[in-house]
Amino acid sequence: MIPFLDLKAQYSQIKPEIDAAVARVVSSGHFVLGPEVTAFEERFADYCRTTACRAVNSGTSALHLALLAAGVGSGDEVITVSMTFVATTAAILYSGARPVFVDVDPVTWTMDPSLIEAAITPRTKAILPVHLHGLMADMDPIMAIARRHGLVVIEDAAQAHGAEYRGRRAGSIGDLGCFSFYPGKNLGAFGEGGAVVTDRLEFARRVSLLRDWGQEAKYDHVIAGYNYRMDEIQSAVLNVKLDYIEHWTDARRSLAERYNALLSGLPFARPQPPQYARHVYHVYAVRSERRDDALKRLRDAGIGAGIHYPVPVHLQRAYAELGYRAGDLPVTEMLAKDFLSLPIYPELPPERTAEVVGILRGAALQPSAAISTRSEHSQSFMTGAHNRRAS
């Protein structure tokens, strides 16, 4: 049995420190927005190389408050992608705005900057790129477009703790960056948690107000706010884990290199991060035209595997009212049919990657005519993407 993720293994390695941190909070009697939260905010801002961090109760709340802090509201539009978890879209709708989807690049699987300007209207207020699977979106052209049109950029970095783009950390390039500390993340709490990072102190102040009922002081509510506060136990856990994140990131990247080597020559397209990017591999996803067969074989062999994400947001029934249809985002839809996520976590013994790939070899069958047609279609997207970058 190779689990997709093994949080027990991680806990066993740092158990004494975690237990002591939790006991310290319990003994203190201070459970919400106390010294542990303050310490984590200072340390995580430093880790992200930003001026300020505001801890909240989930990554979704982080996105919601970042949008509100940036002035996004009713009648506005936010350009984003559909190849993401639904929280990205939900947060935009929570703010009263409307998500406008653009397609992703078929090589990096993140927002395609060449499609943004065509999606801008007089109602556009913000651009919200998603750093998928631990690889940052192509931020320089995104920022250039935003500055040309007077738009705010909010990074969805929920899967990208410590990822880098041309030497800059995730969350530090846009006007605001949003993180999730859901337990399975590269930096995960023992429950829900999130954070907003920014260099703009006016945004940080507004997030501080919004997360705590709009209070400037106790019972002095200056704006209408929310109960989005992070609790002390989650911050205490994150303060311990923050000491290990770079070591864990190195382990993830090493495992990814092993997968890359073992998969060489097999019909499984591997992640292709640009040379200037530091991919942190929250997910190690490959593309397979026989994805469903490969997934079944892995699971039958007791190997945890998944799909991130099988149905793009624009085709989810919950968001049908947005008016998108199959075919509107062809690259996103193609990736959703092909993606397969393999086990990757710092405690995974490196030699076990060979077992995973051994099962995949059995799924590498001769493509049918229908699959060959899809392969040609896929190649046309790849060629187009490389041509766009070359130009």
Side-chain angles (χ1 to χ4, degrees), residues 48 50 59-60 62-105 108-133 135-160 163 165-166 168-180 196-200 202-203 206-207 274 277 312-314 319 322 324 328-329 331-332 385 388-389:
C48 294
T50 57
T60 308
L63 287 165
H64 184 198
L65 296 192
L67 288 158
L68 295 180
V72 175
S74 180
D76 292 332
E77 293 177 350
V78 177
I79 296 173
T80 190
V81 294
S82 176
M83 179 49 67
T84 181
F85 185 61
V86 295
T88 310
T89 296
I92 295 170
L93 293 170
Y94 293 166
S95 75
R98 178 182 177 83
V100 174
F101 298 119
V102 296
D103 217 339
V104 295
D105 182 284
T108 65
W109 312 336
T110 61
M111 179 179 280
D112 186 338
S114 70
L115 303 177
I116 294 174
E117 287 195 282
I120 294 174
T121 75
R123 293 187 173 186
T124 306
K125 190 68 174 278
I127 304 173
L128 206 169
V130 176
H131 304 327
L132 189 71
H133 298 165
L135 177 65
M136 290 181 65
D138 193 358
M139 291 301 296
D140 280 352
I142 292 172
M143 294 302 297
I145 292 167
R147 295 301 176 246
R148 252 192 328 268
H149 294 273
L151 305 176
V152 174
V153 175
I154 300 171
E155 298 177 56
D156 184 339
Q159 301 181 6
Y165 174 90
R166 301 188 187 279
R168 291 167 288 173
R169 283 272 165 91
S172 71
I173 301 176
D175 297 286
L176 302 108
C178 300
F179 292 85
S180 166
V196 179
V197 298
T198 183
D199 286 329
R200 298 180 60 172
E202 70 273 22
F203 286 165
R206 190 160 180 83
V207 171
V313 178
H314 73 286
Y319 301 106
L322 295 175
Y324 288 88
D328 287 346
L329 303 173
V331 180
T332 295
R388 284 196 299 275
R389 278 198 291 274

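Hydrogens, waters and symmetry mates play no part in the numbers below; they use all other heavy atoms, side chains included.
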### Task
Start with the C-alpha gap between V72 and V78, add the side-chain angles, then the distance that decides, and say whether side-chain contact (heavy atoms from CB on, under 4.5 Å) holds.
CA-CA 8 Å; V72 175; V78 177; 3.8 Å; yes
### Verdict with supporting geometry, F179 and V197, side-chain contact (heavy atoms from CB on, under 4.5 Å)
CA-CA 8 Å; F179 292 85; V197 298; 3.7 Å; yes
### Query
Where do V102 and D112 land on the side-chain contact (heavy atoms from CB on, under 4.5 Å) test, with the steps shown first?
CA-CA 7 Å; V102 296; D112 186 338; over 6 Å; no
### Message
side-chain contact (heavy atoms from CB on, under 4.5 Å), that's the test. Do I127 and I142 meet it? Break it down for me.
### Response
CA-CA 8 Å; I127 304 173; I142 292 172; 4.0 Å; yes
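Between I154 and A70, the shortest heavy-atom contact is CD1-CB, 4.4 Å. H131 approaches A170 most closely through the heavy-atom pair CD2-CB, 4.1 Å. Considering all non-hydrogen atoms of both residues, T60 and A87 come closest at OG1-CB, 3.5 Å. In this structure, P99 and T89 approach most closely via the heavy-atom pair CG-CG2, 3.8 Å. Taking every heavy atom of both residues into account, A119 and T124 meet most closely at O-OG1, 4.0 Å.
Atoms CG and CD1, on D140 and I173 in that order, are 6.5 Å from each other to the nearest 0.5 Å. For the atom pair CD1 (I79) and CD1 (I120), the distance works out to 5.0 Å, reported to the nearest 0.5 Å. Remark: I116 CD1 to S114 OG distance equals 8.5 Å, nearest 0.5 Å. The CE atom of M136 lies 13.5 Å from the CD atom of Q159; values are rounded to the nearest 0.5 Å. Rounding to the nearest 0.5 Å places CG of L65 at 10.0 Å from CZ of R206.
Checking side-chain atoms of S172 against main-chain N and O of R169 turns up a donor-acceptor pair under 3.5 Å. Of the possible polar contacts, one joining the T80 side chain to the L128 backbone as a donor-acceptor pair under 3.5 Å is found. D105 contributes no side-chain N or O that, together with a main-chain N or O of T110, makes up a donor-acceptor pair within less than 3.5 Å. Between the side chain of Y324 and the backbone N or O of F101 there is at least one donor-acceptor pair closer than 3.5 Å. In this structure, S95 contributes its side chain and H64 its backbone to no donor-acceptor pair below 3.5 Å. Remark: the backbone N or O of L322 is paired with a side-chain donor or acceptor of R98 at under 3.5 angstrom. Although no hydrogens or angles enter the test, the distance criterion places no donor-acceptor pair under 3.5 Å between the side chain of T198 and the main chain of F203. A donor-acceptor pair under 3.5 Å is formed between the side chain of K125 and the backbone N or O of G71.
Counting only heavy atoms from C-beta outward, the side chains of V86 and Y319 approach each other to under 4.5 Å. Between Y165 and D138 the shortest side-chain heavy-atom distance falls below 4.5 Å. The shortest side-chain heavy-atom distance between E77 and T121 falls under the 4.5 Å cut-off. Within the 4.5 Å cutoff, side-chain heavy atoms of M139 are placed close to those of V153.
Applying the salt bridge (Lys or Arg N to Asp or Glu O under 4.0 Å) definition to pairs two or more places apart or across chains, those involving residues 148-158 are E117-R148.
The closest side-chain donor-acceptor pair between T332 and D103 falls under 3.5 angstrom.
Counting non-hydrogen atoms of neighbouring residues, nucleotides and ligands closer than 6.0 angstrom, the CZ atom of R166 exceeds 12 such neighbours.
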